[in-house]
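For the single chain, residues carry numbers from 1 onward in sequence order. Everything numeric in this text was worked out from a predicted model, so none of it was measured.
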Amino acid sequence: MFEGASSVQSLPTIFHIFAHNVPIEERSRAFGYLVAAGSVGQTVASIICPHLAWQTGFYLFGSLGIVWVLIWLVFYNDSTTLRKDEIPLFLPKVSDESERSLHRVMCHWPLWAVYVAHFAMNCPTT
């Protein structure tokens, strides 16, 4: 239950990071790399895991996840302030509107397309 509650935030977090840190001209390519890397990871895991005891796979991939989080925490900078020696490569094209409504979210068709694609990718085929 904890895993489900924590992973539910991953997709919105990825979209937030992409919206604020990836230039709009590069976002589709970056998201394509993200999806491709996930598929490659699933393929590699499906080849490796049958040859390991479940405990080994659990600890191996759990440890890799923890190492990845530590690397991310060290290198990712979420500050929006630039030092004088930093030159911005782009300005984020994300509006920070104070008025948001559920109706606007529910009627935003590109967002629904992403949710449907994500559901179809993770839906079991049995």
Side-chain angles (χ1 to χ4, degrees):
M1 189 148 92
F2 175 73
E3 192 267 332
S6 61
S7 67
V8 73
Q9 300 171 2
S10 62
L11 196 60
T13 302
I14 290 169
F15 291 146
H16 175 79
I17 291 170
F18 278 18
H20 289 280
N21 296 321
V22 178
I24 196 165
E25 298 83 14
E26 297 292 325
R27 284 186 197 154
S28 61
R29 183 178 314 180
F31 194 73
Y33 288 149
L34 176 76
V35 171
S39 297
V40 169
Q42 290 171 352
T43 303
V44 170
S46 70
I47 293 170
I48 293 173
C49 285
H51 303 290
L52 302 173
W54 75 265
Q55 297 93 341
T56 306
F58 179 81
Y59 289 118
L60 174 69
F61 291 109
S63 300
L64 287 173
I66 291 171
V67 168
W68 175 250
V69 167
L70 294 175
I71 291 171
W72 182 263
L73 289 174
V74 168
F75 289 107
Y76 181 71
N77 183 9
D78 195 23
S79 82
T80 56
T81 59
L82 295 174
R83 297 187 312 254
K84 290 184 179 183
D85 61 339
E86 291 180 320
I87 300 172
L89 299 176
F90 68 96
L91 296 175
K93 296 181 171 109
V94 177
S95 64
D96 191 18
E97 298 175 8
S98 60
E99 183 181 328
R100 295 185 176 109
S101 69
L102 183 60
H103 176 70
R104 283 185 57 193
V105 172
M106 297 304 288
C107 294
H108 192 68
W109 296 114
L111 185 62
W112 275 101
V114 169
Y115 285 148
V116 169
H118 185 72
F119 174 79
M121 183 176 74
N122 293 317
C123 183
T125 58
T126 57

**Asked** For I66, what residues pass the side chain to side chain contact (heavy atoms under 4.5 Å, CB included) criterion, not counting sequence neighbours?
**Response** L70
Please report, to 0.1 Å, the donor-acceptor pairs under 3.5 Å made by any side chain of residues 28-48, with sequence neighbours excluded.
from : atom 1 : to  : atom 2 : distance (Å)
S39  : OG     : V35 : O      : 3.3
T43  : OG1    : S39 : O      : 2.8
S46  : OG     : Q42 : O      : 3.4
S46  : OG     : T43 : O      : 2.7

**Request:** Supply the members, apart from F58, of the Ile/Leu/Val/Met/Phe/Trp/Tyr cluster built from side-chain contacts under 4.5 Å; use none for a lone residue.
**Result:** W54, Y59
**Complete:** Students should find that the hydrophobic cluster of V69, defined by side-chain heavy atoms under 4.5 Å apart, otherwise consists of L73
